[in-house]
Amino acid sequence: MTKKILVLPGDGIGPEIIAEAEKVLRVLIDKYGLGAELDHGLVGGAAYDDSGTPLPEHTLDQARAADAVLLGAVGGPKWDDLDTAVRPEKGLLGLRAGLDLFANLRPAILYPQLADASSLKPEIVSGLDIMIVRELTGGIYFGEPRGFREADGHRTGFNTLVYSEPEIERIGQVAFDIARKRDSRVCSVDKANVLESTALWREVITRMGADYADVELSHMYVDNAAMQLVRAPKQFDVMVTTNMFGDILSDCAAMLTGSIGMLPSASLDANGKGMYEPIHGSAPDIAGKGLANPLATILSVAMMLRYTLDEAALAERIEVAVEAVLDQHLRTPDIMAEGAIEVGTAAMGDAVVAAL
Ligand code: IPM
Ligand code: MG
């Protein structure tokens with residue numbers, strides 16, 4: 001059966017990195033029998049410029065009709081002064097909410113070839129393999145009430161951090177199930193000493209832990225978790241946490257691996273439908289220059305093959321090809337090292353295609 005993939009390049013470096021990921025998809029379709037067809041759409045600032053909204057109804061319809069979505073990045077200074085309601089980021093958040101993509105998987109893996117690119121000592125990060133499971137459709141990102149109000153001569157901005165038991169249970173289940181396929185350890189990250197919503201989080205995860213007796217469960221406050229990530233990151237296997245804590249900790253974990261330009265992500269609903277994107281942003285400072293690292297996006301295609309398209313062997317092919325280009329000492333500027341060969345976005349994509 002032919003699967004439908006919706007491609008949303010978005011803004012900034014989005015179109016450049018997506019172009020390379022599409023080359024890879026083409027090879028899989030033309031040479032390796034992947035039954036998939038690509039559709040294209042607008043999201044973020046690109047959509048706003050086109051129709052005044054970062055998530056047109058048509059794009060959401062396309063996304064609903066697709067089996068998987070491949071997204072580049074959204075946002076940029078051009079749209080910074082817009083009202084929050086129509087900022088490019090709202091397009092991304094609208095897709096996550098509209099498709100009920102509550103489970104965000106952000107693997108932080110250190111490629112041995114890049115050990116020197118990490119800001120941490122090689123012995124601290126070598127062999128690093130963490131899976132951050134971030135709740136993606138709840139918490140303070142979506143809690144109501146929210147907004148601004150004016151009283152006593154000044155404005156107040158406010159948000160609500162809220163989690164219900166079912167929301168915590170479904171993300172907890174994803175984390176425990178993934179841990180079973182890895183090193184069977186889950187660290188749940190919260191701020192249960194201060195915030196009721198995450199006190200409930202800890203209670204629910206603890207309760208669930210009893211049903212996963214084969215998985216070693218620990219709990220950590222988020223401030224300590226941030227510290228432990230840079231002190232001794234290899235202690236972690238699977239980390240499960242709230243929407244905002246996961247946003248912050250995943251950037252931190254990404255940097256351990258040398259460059260945020262290497263890390264893919266999957267955002268899944270309860271039925272395996274997913275949106276796949278690099279965890280880095282639109283990098284407006286290098287947009288259009290052909291300098292961006294396309295590997296995070298290409299590795300996001302690998303995650304798509306594994307988690308939505310049920311093509312694990314093809315996913316592995318991509319991962320092996322990425323390792324091969326790193327072995328050839330090809331490096332985009334973000335991962336450049338002494339003695340390596342610096343290449344641009346398209347050359348890196350071409351090298352992956354050649355290695356495939
Ligand atoms: C991410 C990004 C987004 C988020 C932004 C662009 C809305 O930082 O995917 O981590 O905060 O979730
Ligand atoms: Mg982020």
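Numbers here are sequence positions counted from 1. Remember, it's 1-based here, ligands and their atoms both numbered in the order they're listed.
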Does a side chain donor of either T297 or Y276 reach within less than 3.5 Å of an acceptor in the other side chain?
-> no

To the nearest 0.5 angstrom, please state how far the CG atom of N104 sits from the CD atom of E277.
-> 7.0 Å

In plain terms, say whether D100 and K273 are close enough for a salt bridge, that is, a side-chain N and a carboxylate O under 4.0 Å apart.
-> no

K234 and D129 ion-paired at < 4.0 Å = no

Should the pair D11-K78 be classified as a salt bridge under the 4.0 Å nitrogen-to-oxygen rule?
-> no

Do you reckon I279 sits in the same ILVMFWY cluster as M244, going by side-chain contacts under 4.5 Å, direct or chained?
-> yes

With a cut-off of 2.8 Å, how many protein N, O or S atoms neighbour the Mg ion (ligand 2)?
-> 1

Give the ring-plane orientation class for Y212 versus F176, where under 30° counts as parallel, over 60° as perpendicular and anything between as tilted.
-> parallel

Only one of V189, L195, D190 forms a side chain to side chain contact (heavy atoms under 4.5 Å, CB included) with W201, so which one is it?
-> D190

Write down, by chain and number, every protein residue that brings a non-hydrogen atom to less than 4.0 Å from an atom of ligand 1.
-> E89, L92, R96, R106, R134, Y141, D247

Is the shortest side-chain N to carboxylate O distance from D39 to K4 below 4.0 Å?
-> no

